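Some notes on the structure that comes next.
Quick note on labels: first sequence line is chain A, next is B, and so on, each numbered from 1. The figures that follow rest on heavy atoms only: side chains count, while hydrogens, waters and symmetry mates do not. In this text, all values refer to a predicted model and were calculated from it rather than measured experimentally.
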2 protein chains.
Amino acid sequence: MQTTSPNAGRPRRTDPDDALESAMRIFWAHGYEGASVGRLSRGMGVPRAGIYRDHGCKRGLFLASLDRYGATRVPPLMAAFDGDAPPARALRDFLGRVIELGTTDPDTPGCLISCVLADAAGSDEAFRTEFRRRLDAMDRAIADRLRAMPRDALAAAPDALAPLVGATARGLMLRARAGDPAAELLPLAATASRIWCNDPAVRHE
Amino acid sequence: MQTTSPNAGRPRRTDPDDALESAMRIFWAHGYEGASVGRLSRGMGVPRAGIYRDHGCKRGLFLASLDRYGATRVPPLMAAFDGDAPPARALRDFLGRVIELGTTDPDTPGCLISCVLADAAGSDEAFRTEFRRRLDAMDRAIADRLRAMPRDALAAAPDALAPLVGATARGLMLRARAGDPAAELLPLAATASRIWCNDPAVRHE
DNA sequence: TTGATTTGAGAACGAGCGTTCTGCTAGGCT
DNA sequence: AGCCTAGCAGAACGCTCGTTCTCAAATCAA
């Protein structure tokens with residue numbers, strides 16, 4: 001977006017992508033209000049002034065962290081619907097990836113959007129709009145994937161089932177935030193995916 | 001718990017129950033970190049020193065607020081399972097009450113536990129334990145109600161379905177936090193309750 | 001009325017907040 | 001070599017935080 005300046009100046013101590021990744025993880029762990037600029041600066045390896053130069057203010061850094069989260073953490077979830085696995089298998093895989101994201105790193109339990117942005121959205125209109133925008137985007141993406149599945153494979157119409165899948169995924173993220181290990185959550189993914197799909201042979205275990 | 005003192009002292013300006021209700025709503029709206037003691041004191045109608053006299057510290061007031069939430073907001077949800085309505089009806093009623101709780105007052109969107117305590121649980125061990133304790137209690141209560149339903153009425157075993165019902169309810173609370181109106185969420189309750197119950201006559205609309 | 005007791009109102013405290021500023025440093029350019 | 005640029009390190013700003021303290025006000029007992 002910008003040509004290199006004639007004189008390059010001192011190089012950055014930390015790669016901007018790495019710095020943003022660190023910031024995202026600090027927000028993820030401590031919440032928006034709980035993550036102080038001092039802690040962010042130290043964790044990012046960027047001086048305080050550098051944060052304001054790059055993102056304007058703490059809010060800007062948080063919004064950039066949300067963008068990074070959406071760009072790096074969400075696509076691997078949706079990839080569960082790639083390929084042509086049976087619907088029940090794809091849905092179980094999707095929830096499995098959700099559980100993995102929420103439980104893999106004990107320092108960042110749950111989901112930056114469902115657990116952190118949700119809190120910030122309580123009384124801040126801009127954050128609430130951002131929150132809603134991201135929920136809608138994910139549910140719409142899920143609906144797109146469900147619509148591509150064979151008709152009558154699902155227990156409800158794709159547009160009706162999609163927000164239910166999204167809500168369930170977020171409920172699992174809250175469980176992950178509480179420290180539940182993946183092994184305790186994966187059976188939930190199996191039950192949910194089974195119930196969501198029309199497979200008369202294996203109803204009520 | 002204590003006998004009246006020989007000399008009664010100056011009466012309180014605000015009833016302690018009303019004060020705690022106000023504190024709970026302020027935490028609900030602004031989150032744990034976002035609710036300052038100054039704002040709490042003003043909103044409660046209790047001087048700062050009174051908060052520390054009654055609850056020890058800000059954490060103590062938050063925990064007391066959680067207790068009040070659990071005592072006043074949760075039982076009306078579980079009451080959906082009273083009576084002998086058909087399982088699908090009871091489950092839909094339950095989610096309907098969840099939606100109502102999360103959307104009725106725009107100043108306190110969503111759920112104090114699922115949206116506020118969840119954030120605080122990220123890096124605070126005590127809050128995480130408290131969070132998990134409350135999630136477990138609710139899922140156990142749901143399981144008790146599901147077990148009382150006629151066998152083979154549900155699409156999965158009660159103990160397997162209960163945490164799924166809990167997770168879905170919390171996902172709806174996040175939607176409420178984002179500002180979704182009840183009218184947009186109620187169809188989700190209908191779809192979920194239908195899918196959770198074995199009613200072959202009305203599968204895939 | 002007086003004394004004991006409990007609360008209210010608000011000042012005060014040190015610490016930490018988000019944000020900005022000041023020199024100094026490390027590179028590329030000429 | 002000397003200049004220009006951009007970033008670093010850390011001090012500094014005013015403000016708000018959670019917490020504590022002080023003193024006047026209000027009630028009951030004697």
Over how many whole Å does the gap from [X] atom [atom1] to [N] atom [atom2] extend?
X: A/H30; N: C/dC17; atom1: NE2; atom2: P; answer: 11 Å
X: B/I51; N: D/dC21; atom1: CD1; atom2: C1'; answer: 16 Å
X: B/M44; N: C/dG8; atom1: CE; atom2: C1'; answer: 14 Å
X: A/F62; N: C/dC17; atom1: CZ; atom2: P; answer: 17 Å
X: A/R13; N: C/dG27; atom1: CZ; atom2: C1'; answer: 17 Å
X: A/E33; N: C/dG16; atom1: CD; atom2: P; answer: 18 Å
X: B/D54; N: C/dT6; atom1: CG; atom2: C1'; answer: 11 Å
X: A/K58; N: D/dT16; atom1: NZ; atom2: P; answer: 15 Å

More than 12 foreign heavy atoms under 6.0 Å from CZ of A/R145: is that the case here?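 Count over threshold, so yes.
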
Please determine whether the number of non-hydrogen atoms from other residues, nucleotides or ligands lying under 6.0 Å from atom CG of B/D82 exceeds 12.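 Counting other residues, nucleotides and ligands, CG of B/D82 exceeds 12 neighbours.
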
Taking the basic N atoms (NZ, or NE/NH1/NH2) and the acidic carboxylate oxygens, is any pair closer than 4.0 Å for B/E33 and B/R59?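 A salt bridge is absent here (no side-chain N lies under 4.0 Å from a carboxylate O).
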
Using a strict threshold of under 4.0 Å (side-chain N to carboxylate O), is an ion pair present between B/R97 and B/E100?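 Not counted as a salt bridge, because no side-chain N and carboxylate O are separated by less than 4.0 Å.
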
B/G50 or A/V37: which one's nearest nucleotide on DNA chain C is closer to the 5' end?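 Upstream on the strand: B/G50.
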
Among C/dG8, D/dG7, D/dG18, the nucleotide that comes nearest once only the side chain of B/R10 is considered: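 For the B/R10 side chain, the nearest candidate turns out to be C/dG8.
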
Looking at the side chain of B/R48, which of D/dG18, C/dG8, C/dT20 is the nearest nucleotide?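 Nucleotide nearest to B/R48's side chain: D/dG18.
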
Between the base of C/dT7 and the side chain of B/R12, is there any donor-acceptor pair under 3.5 Å?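 When only heavy-atom distances are counted, B/R12 does not reach the base of C/dT7 through any donor-acceptor pair under 3.5 Å.
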
State whether [X] places a side-chain N or O below 4.0 Å from either non-bridging phosphate oxygen (OP1 or OP2) of [N].
X: A/R39; N: C/dG16; value: no
X: B/R53; N: C/dG8; value: yes
X: A/S36; N: C/dC17; value: yes

Please work out if B/P11 contacts a base, only the sugar-phosphate, or nothing of the nucleic acid, heavy-atom cut-off 4.0 Å.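 B/P11: backbone/sugar contact only, no base atoms under 4.0 Å.
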
Using heavy atoms to find the nearest nucleotide of DNA chain D for A/A49 and A/G9 separately, return the residue whose nucleotide is more 5′.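 Checking each residue's closest nucleotide, the 5'-ward one belongs to A/G9.
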
For the residue pair B/F62 and B/F127, does the interplanar ring angle fall in the parallel (under 30°), tilted (30 to 60°) or perpendicular (over 60°) class?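 Ring orientation, 0 to 90° scale: perpendicular.
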
